[in-house]
Amino acid sequence: MADAKVILIMIDALGYETAWARCGYLGHLVEQKKGALYRVKGELPAQSRPMYETMMTGLAVGEHGICANEMVCPSKCENLFSLAKKNGKTTGAAAYMWIAELYNGIPGYCTLTDRYQLGNTAGLIENGIFYSQDDYPDSHLYADGDFLRKAYHPDFLLIHPMNVDDQGHKHGWGSREYEHAAEVSINIIDCYLDLWRRDGYDVVVTADHGMDELGNHFGDTRLQREVPLFVFSDQIQPGNYGDHTVSQLNVAPLICRLMGIEPSGRMMDPSEEIRW
């Protein structure tokens with residue numbers, strides 16, 4: 001196994017079709033065989049908190065037990081943060097408050113006390129900056145994540161912007177507002193990507209779920225379930241593999257393999273669907 005640092009960007013509610021339509025520099029790199037793109041079929045229910053846990057654990061909802069957004073409790077399964085720490089690696093996150101509730105054991109996030117969690121050796125996320133407003137600007141969120149990179153050099157860093165989801169709920173998939181929010185968020189990644197790669201990071205860009213025309217995500221439709229998976233790593237064969245779908249359960253073991261750590265025994269083998 002190789003041994004790299006990884007930045008995982010989880011753009012909340014970014015559907016596959018919108019991601020490719022607004023892909024910018026990320027799409028250029030895929031076309032130039034300097035990155036890979038997969039079409040991911042997300043798990044059900046296509047809700048945020050269950051899918052956060054699915055992507056962090058590599059497990060379906062029926063296995064990890066977080067089956068609804070209203071389930072406010074810590075993760076009970078091995079996940080990317082716990083596996084990184086067990087292997088002597090450092091962790092960070094600039095993310096929505098539900099990530100703090102899941103992985104730092106906070107039963108009910110409070111902005112007054114829980115926004116900054118720096119040097120938290122008791123938590124699975126050692127250095128985190130968390131937010132609670134869905135319209136917290138993506139520009140600020142990416143800057144929070146890059147601050148954590150520069151200040152703490154985490155081996156695994158999650159960056160989790162919410163503006164696409166916010167505009168999708170307000171205006172629906174395909175609206176000018178949703179598409180613009182996606183373009184803005186992806187453009188910010190464009191500005192950081194080469195810097196992160198020069199700093200030794202593999203970069204993975206994906207989403208928890210998509211969004212339908214009515215501004216909803218919960219069930220089994222293409223718009224709600226299909227999301228992108230961009231991978232920028234010398235360990236992965238480059239190319240556009242969006243002509244078919246792969247399982248969302250690949251995300252966690254993919255990141256384990258990029259970091260050079262053993263996946264949990266319950267994770268799938270990502271080499272079955274991801275080209276190394």
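Annotation for Ser75 and Tyr103: closest pair CB-CE2, 3.6 Å, computed over non-hydrogen atoms. Listed here is the closest heavy atom pair of Thr90 and Pro154: OG1-CA, 3.3 Å.
Classified by interplanar angle (parallel below 30°, tilted 30° to 60°, perpendicular above 60°), the ring pair Phe130/Tyr109 is perpendicular.
Side-chain contact of Ser48 with Trp98: a donor-acceptor pair under 3.5 Å is absent, judged by distance alone. Side-chain contact annotation: Gln167 with Ser175, donor-acceptor N/O pair under 3.5 Å absent. At a cut-off of 3.5 Å, with distance as the only test, no side-chain donor of Tyr201 or Asp155 sits close to an acceptor on the other residue. Of the N and O atoms on the side chains of Tyr38 and Asn240, not one donor lies less than 3.5 Å from an acceptor on the other residue. Side-chain contact of Glu273 with Asn250: a donor-acceptor pair under 3.5 Å is present, judged by distance alone. For the residue pair Asp165 / His217, a side-chain donor-acceptor distance below 3.5 Å is found, with atom types taken as modelled. Asp144 and Tyr136 form a side-chain donor-acceptor contact under 3.5 Å, judged by distance and modelled atom types alone.
Grouping the Ile, Leu, Val, Met, Phe, Trp and Tyr side chains by contacts below 4.5 angstrom, directly or via other members, places Val30 with Ile11. Linking ILVMFWY residues whenever their side-chain heavy atoms come closer than 4.5 Å, directly or via other members, leaves Val227 and Val61 in distinct clusters. Tracing side-chain contacts under 4.5 Å through hydrophobic residues (I, L, V, M, F, W, Y), one reaches Phe147 starting from Val6; they form part of the same cluster. Cluster annotation: Met51 and Leu80 are assigned to distinct hydrophobic clusters (Ile/Leu/Val/Met/Phe/Trp/Tyr, side-chain heavy-atom contacts under 4.5 Å, transitive). In terms of hydrophobic clustering, with Ile, Leu, Val, Met, Phe, Trp and Tyr side chains grouped at heavy-atom distances under 4.5 Å, Val204 and Leu249 are assigned to different clusters.
Within the structure, every pair that satisfies the side-chain hydrogen bond (donor to acceptor under 3.5 Å, both in side chains) test and touches residues 57-73, not counting sequence neighbours, is listed here: Thr54-His64.
Residue Lys85 places its NZ atom among more than 12 non-hydrogen atoms of other residues, nucleotides or ligands, all under 6.0 Å distant. Atom NE2 of His140 sits in a sparse spot, with 12 or fewer heavy atoms from other residues, nucleotides or ligands closer than 6.0 Å. In the displayed structure, His171 atom NE2 is contacted under 6.0 Å by more than 12 heavy atoms of other residues, nucleotides or ligands.
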Exercise for the section: Could you go through the salt bridge (charged side-chain N to carboxylate O under 4.0 Å, His left out) check for Glu78 and Arg266 one step at a time? Expected result: CA-CA 9 Å; Glu78 289 279 19; Arg266 299 168 69 186; over 6 Å; no
Exercise for the section: Kindly determine whether Glu226 and Thr245 satisfy side chain to side chain contact (heavy atoms under 4.5 Å, CB included), including the steps that lead there. Expected result: CA-CA 8 Å; Glu226 290 187 1; Thr245 61; 3.8 Å; yes
Exercise for the section: Mind running side chain to side chain contact (heavy atoms under 4.5 Å, CB included) on Ile189 and Ile9 for me, showing each step along the way? Expected result: CA-CA 9 Å; Ile189 300 172; Ile9 302 170; 3.9 Å; yes
Practice task
Step by step, work out the side chain to side chain donor-acceptor pair (under 3.5 Å) result for Tyr25 and Asn187.
Solution key: CA-CA 8 Å; Tyr25 182 52; Asn187 184 64; over 6 Å; no
Exercise for the section: Could you go through the side chain to side chain contact (heavy atoms under 4.5 Å, CB included) check for Cys256 and Leu83 one step at a time? Expected result: CA-CA 8 Å; Cys256 286; Leu83 290 168; 3.9 Å; yes
Practice task
Just do the side chain to side chain contact (heavy atoms under 4.5 Å, CB included) check on Leu102 and Glu53 with the steps written out, would you?
Solution key: CA-CA 8 Å; Leu102 278 165; Glu53 180 74 337; 4.3 Å; yes
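Remark: side-chain polar atoms of Tyr241 are paired, donor with acceptor, to backbone N or O of Pro238 under 3.5 angstrom. Panel note: side chain Glu177, backbone Gly172; no donor-acceptor pair is recorded below 3.5 Å. In this structure a side-chain-to-backbone donor-acceptor pair under 3.5 Å is present from Arg225 to Gly42. Under the 3.5 Å distance criterion, the side-chain polar atoms of Gln117 are matched with a main-chain donor or acceptor of Asp114. Side-chain atoms of Asp138 do not come within 3.5 Å of backbone N or O of Ser185 as any donor-acceptor pair. When atom types are taken as modelled, the side chain of Gln235 and the backbone of Leu258 share a donor-acceptor pair closer than 3.5 angstrom. The backbone N or O of Gly119 sits less than 3.5 Å from a side-chain atom of Asn127, completing a donor-acceptor pair. Side-chain atoms of Thr91 come within 3.5 Å of backbone atoms of Leu124 as a donor-acceptor pair (strictly under, hydrogens ignored). A donor-acceptor pair under 3.5 Å is absent between the side-chain atoms of Asp134 and the main chain of Asp166, judged by distance alone.
Here the OH atom belonging to Tyr142 is positioned 11.0 Å from the CD1 atom belonging to Ile7, to the nearest 0.5 angstrom. Summarising the geometry, atom CG belonging to Leu254 is positioned 11.0 Å from atom OG belonging to Ser271; distances are rounded to the nearest 0.5 Å. Rounded to the nearest 0.5 angstrom, Arg257 CZ and Trp276 CH2 are separated by 4.5 Å. Expressed to the nearest 0.5 Å, how far CG of Leu193 lies from NZ of Lys34 amounts to 11.5 Å. From Leu44, atom CG reaches atom SG of Cys67 across 12.5 Å, with rounding to the nearest 0.5 Å.
When Val231, Val251, Leu229 are each tested for a side-chain contact (heavy atoms from CB on, under 4.5 Å) with Ile274, only one passes: Leu229.
Because its NZ or CZ atom is both nearer than 6.0 Å to the ring centre of Tyr16 and within 45° of the ring axis, Arg39 counts as a cation-pi partner of that residue.
One finds no salt bridge joining Arg22 and Glu17 here, because no Lys/Arg side-chain nitrogen approaches an Asp/Glu carboxylate oxygen to under 4.0 Å. Ion pairing of Arg49 with Glu101 is present here, as a side-chain N (NZ or NE/NH1/NH2) and a carboxylate O approach within less than 4.0 Å. Salt bridge annotation for Asp194-Arg197: absent, with no cationic side-chain nitrogen under 4.0 angstrom from a carboxylate oxygen. Salt-bridge annotation for Lys5 and Asp202: absent, with no side-chain N of the basic residue lying under 4.0 Å from a carboxylate O of the acidic one.
Close placement of the Phe156 and Phe81 rings is indicated, their centers lying within 6.0 Å of each other.
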